[in-house]
Amino acid sequence: MNNSEIKSTTENYQPEKCLSFLRVFFVLIIFVVIIYLAFMNAKTIQEEKTFGNFESWFASYVDVTATPSFDFEQLGSTSTPQVVLSFIVSSNDDECVPTWGAYYTLDEAARVLDLDRRIARLQQ
């Protein structure tokens with residue numbers, strides 16, 4: 001072979017390109033990290049959208065069916081004038097009927113516990 005043949009042969013030679021396992025592994029790891037970070041960022045944004053930045057608040061928690069009864073209507077003049085009245089649950093007989101603690105219907109509570117008047121006093 002003369003020099004010109006060798007030169008033309010080497011000029012036309014293209015080495016084969018091959019991917020190494022290590023390069024593929026690093027590209028895969030980077031891809032997984034990017035997907036994970038995108039998912040976590042989307043989750044954080046969704047939580048902020050759902051929960052927002054609400055201020056916490058405090059209120060007394062009163063079971064209106066408990067004995068002795070708590071004078072929650074007097075809280076209107078305190079530093080924490082709000083109250084959470086509990087327990088409105090479904091009736092034992094009909095789950096579509098609300099009751100106070102499964103003991104009093106809403107009308108019975110207004111009469112027996114004097115609840116409507118007490119709530120009105122709290123709102124004043």
Side-chain angles (χ1 to χ4, degrees):
M1 265 194 200
N2 61 23
N3 282 342
S4 64
E5 288 177 7
I6 292 174
K7 188 176 183 182
S8 69
T9 307
T10 56
E11 286 176 358
N12 293 334
Y13 176 73
Q14 297 283 334
E16 286 186 38
K17 295 181 180 180
C18 62
L19 293 175
S20 71
F21 175 74
L22 193 57
R23 287 182 183 166
V24 171
F25 179 74
F26 282 130
V27 168
L28 185 62
I29 291 295
I30 291 170
F31 180 72
V32 168
V33 167
I34 289 171
I35 295 295
Y36 174 77
L37 291 175
F39 173 75
M40 293 306 290
N41 189 33
K43 184 178 174 184
T44 303
I45 290 170
Q46 181 63 32
E47 285 176 356
E48 287 177 2
K49 215 187 274 186
T50 302
F51 300 114
N53 293 329
F54 298 106
E55 290 185 32
S56 60
W57 59 277
F58 174 78
S60 299
Y61 187 76
V62 178
D63 181 358
V64 296
T65 62
T67 304
S69 65
F70 179 72
D71 292 333
F72 66 85
E73 63 270 18
Q74 302 300 325
L75 292 176
S77 61
T78 64
S79 62
T80 56
Q82 298 172 335
V83 66
V84 177
L85 302 179
S86 63
F87 291 92
I88 295 181
V89 295
S90 64
S91 169
N92 292 332
D93 299 329
D94 184 1
E95 59 188 40
C96 293
V97 175
T99 64
W100 284 99
Y103 298 111
Y104 305 101
T105 65
L106 300 182
D107 292 333
E108 288 173 340
R111 191 178 70 254
V112 175
L113 300 174
D114 199 19
L115 206 50
D116 289 345
R117 183 193 60 79
R118 293 173 67 194
I119 291 173
R121 282 190 63 195
L122 175 66
Q123 290 173 339
Q124 288 176 349

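- For the atom pair OH (Tyr103) and CD (Glu108), the distance works out to 13.5 Å, reported to the nearest 0.5 Å.
- Residue Lys43 holds its NZ atom at 5.0 Å from CE of Met40, rounded to the nearest 0.5 Å.
- Trp100 and Ala109 make their closest contact through CD1-CB, 3.3 Å (heavy atoms, listed as atom of the first residue, atom of the second, distance).
- The two residues Tyr61 and Ser86 come nearest to each other via the heavy atoms OH-CB, 3.5 Å.
- Residues Val97 and Val112 do not share a hydrophobic cluster, clusters being chains of Ile/Leu/Val/Met/Phe/Trp/Tyr side chains in contact below 4.5 Å.
- With contacts defined as side-chain heavy-atom distances shorter than 4.5 Å, the pair Leu106/Pro98 qualifies.
- Remark: side-chain polar atoms of Asp63 are paired, donor with acceptor, to backbone N or O of Thr65 under 3.5 angstrom.
- For Thr105 (side chain) and Thr99 (main-chain N/O), no donor-acceptor pair under 3.5 Å exists by modelled atom type.
- No path of Ile, Leu, Val, Met, Phe, Trp and Tyr side chains, each step under 4.5 Å between heavy atoms, connects Ile29 with Ile35, placing them in separate hydrophobic clusters.
- Taken to the nearest 0.5 Å, the CG atom of Leu115 stands 5.0 Å off from the CZ atom of Phe72.
- Pairing each heavy atom of Ser90 with each of Ala102, the nearest pair is O-CB, 4.2 Å.
- Once rounded to the nearest 0.5 Å, the distance linking OH of Tyr36 with CZ of Phe31 reads 16.0 Å.
- Summarising the geometry, atom CG belonging to Leu85 is positioned 7.5 Å from atom CG belonging to Leu122; distances are rounded to the nearest 0.5 Å.
- Looking at residues two or more places apart in sequence or on another chain, you find no side chain to side chain contact (heavy atoms under 4.5 Å, CB included) involving Val27.
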